[in-house]
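Scroll down for the structure; my scribbles are underneath it.
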Amino acid sequence: MQNTPILPPAMLGILGGGQLGRMFAVAAKTMGYRVTVLDPDPNAPAAEFADRHLCAPFDDETALSELAQCAAVTTEFENVNADAMHFLAQHTRVSPSGDCVAVAQNRIQEKAWIQKAGLQTAPYQAVCKPEDIGEASAALLPGILKTATLGYDGKGQIRVKTPAELKAAFAELGGVACVLEKMVDLRGEISVVVCRLNSENVQTFDPAENIHENGILAYSIVPARLSADIQQQARQMARRLADELDYVGVLAVEMFVVGDTHELVVNEIAPRPHNSGHHTIDACAANQFQQQVRLMCGLPPADTRLLSACCMANILSDVWGANGEEPNWLPLQNHPAAHLHQYGKKAARKGRKMGHFTVLAADADAAFESAKMLHGSL
Ligand code: ATP
Ligand code: MG
């Protein structure tokens with residue numbers, strides 16, 4: 001059964017109805033598939049494009065049974081309950097597998113696993129109880145203490161310089177399992193999105209160069225401004241991780257570019273399309289969401305070729321006025337090579353990802369300059 005391609009108008013299911021689920025639904029619907037979304041939020045961004053919105057908690061048995069009726073099921077986030085994944089896998093095709101998702105849920109397992117695959121991580125140590133803080137930890141200072149689970153956009157992290165600060169940080173994070181990572185000499189951050197059906201059918205997108213502001217991704221520039229050799233290495237490393245996991249679907253691999261030699265160190269993986277891959281919608285032959293649809297349906301990945309240099313910029317709720325006034329969309333909408341994508345969310349919370357735009361240009365520098373200017377005009 002795993003090998004028979006699933007064709008339109010089959011019903012596809014997705015756990016999670018945020019912006020990633022929304023862009024997945026757009027891709028699937030465009031190809032003529034039908035879409036069922038499971039998400040407890042009545043205003044879930046994906047619901048607008050789905051045929052069916054199961055508005056229930058992610059562990060709701062009735063909703064999961066309904067989702068299990070789909071021809072195939074995927075996920076838009078990694079913090080899915082393993083039991084839910086296993087239940088679904090008993091009834092329908094699930095990709096990526098629950099085991100792959102589980103690796104990405106816990107930084108301790110994730111780092112151990114990356115090293116087992118023969119790739120580098122920042123030097124680290126698991127800190128699960130106060131007694132774990134000792135001589136080994138001192139060698140990792142200055143470092144960053146990160147909660148092992150549920151961190152995103154730089155949340156659940158504290159930078160520490162001394163053993164005393166480390167002890168205080170561990171207590172402040174609630175005494176939950178953490179990893180202490182040594183601060184690396186960061187020269188840049190990149191990510192590679194891999195699309196894998198099986199060992200013969202694997203494609204990688206060009207690495208994206210990621211610029212963060214306040215711990216949140218602000219810009220992704222493609223092609224990354226790194227040597228062709230380093231870019232090739234990054235693609236090979238991402239592919240190696242996907243192969244080691246026997247991964248089926250779209251996998252994002254975040255890497256640090258370290259030191260003068262631009263050594264690549266794996267930071268973390270995400271078992272799904274990634275924010276740094278949103279430019280693929282407007283600048284690549286096939287985008288990461290079309291790939292997600294194809295792979296869950298047992299179809300080989302399509303062409304990942306970059307058709308134009310570009311820069312993606314996130315649009316956070318901060319650019320809305322204090323009373324919810326819309327940003328000034330005119331310069332962006334007037335620009336002939338800018339593509340606006342909004343997620344249909346209310347600008348209620350600060351720092352919320354409301355949308356993004358991608359601007360195409362002659363080269364990476366020009367794209368980044370245009371994106372900064374257009375973002376400033378909002
Ligand atoms: P996101 O959701 O954006 O992926 P996150 O909460 O998963 O973020 P990380 O990606 O682990 O957190 O770290 C957030 C940022 O902190 C990184 O993008 C990087 O800029 C910085 N950082 C993390 N670990 C290190 C390190 N070992 N050395 C230097 N900088 C680091
Ligand atoms: Mg990260």
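What you see is a predicted model; the values in this text were computed from it and never measured. Order of appearance sets the numbers: ligands from 1, and atoms from 1 within every ligand. If you read the sequence from its start, that first residue is 1, and numbering goes on from there.
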Open item on the list: Could you list the cluster mates of Val222? Members are the ILVMFWY residues connected by side-chain heavy atoms closer than 4.5 Å, either directly or through other members.
Closed with: Leu306
Out of [options], who is nearest to [atom] when you count heavy atoms only?
atom: atom 11 (O) of ligand 1; options: Glu181, Met183, Lys146; result: Lys146
atom: atom 30 (N) of ligand 1; options: Leu186, Val258, Asn275; result: Leu186
atom: atom 17 (C) of ligand 1; options: Glu189, His212, Glu254; result: Glu189

Task: Polar atom proximity, Phe256 to ligand 1 (N or O, under 3.5 Å) - done: no
Task: ligand 1 versus His274: contacting region, heavy-atom distance under 4.0 Å - done: neither
Task: Asn267 contact mode with ligand 1 (heavy-atom cut-off under 4.0 Å) - done: side chain
Open item on the list: Just to check, does Ile144 reach to within less than 4.0 Å of ligand 1 when the distance is taken from its heavy atoms?
Closed with: yes
Open item on the list: Taking a cutoff of less than 4.0 Å between a non-hydrogen atom of the residue and any ligand atom, is Arg159 in contact with ligand 1?
Closed with: yes
Task: Ser191 versus Glu254, side-chain donor and acceptor atoms under 3.5 Å - done: no
- [ ] Decide whether Ser220 and Ser276 meet the rule of one side-chain donor and one side-chain acceptor closer than 3.5 Å.
- [x] no
TODO: Taking only heavy atoms of Lys182 into account, list the atoms of ligand 1 that are under 4.0 Å away from them.
DONE: 26 (C), 27 (N), 28 (N)
Open item on the list: Show me the pairs that pass ring pair (Phe, Tyr, Trp, His ring centres under 6.0 Å) and involve residues 358-378, at least two apart or across chains.
Closed with: Tyr219-Phe368
Task: Pair Tyr33 + Phe24: ring centers closer than 6.0 Å - done: no
Task: Centroid-centroid distance, His278 to Phe289, less than 6.0 Å - done: yes
- [ ] For residues Gln333 and Leu340, determine if any side-chain heavy atom of one lies less than 4.5 Å from a side-chain heavy atom of the other.
- [x] yes
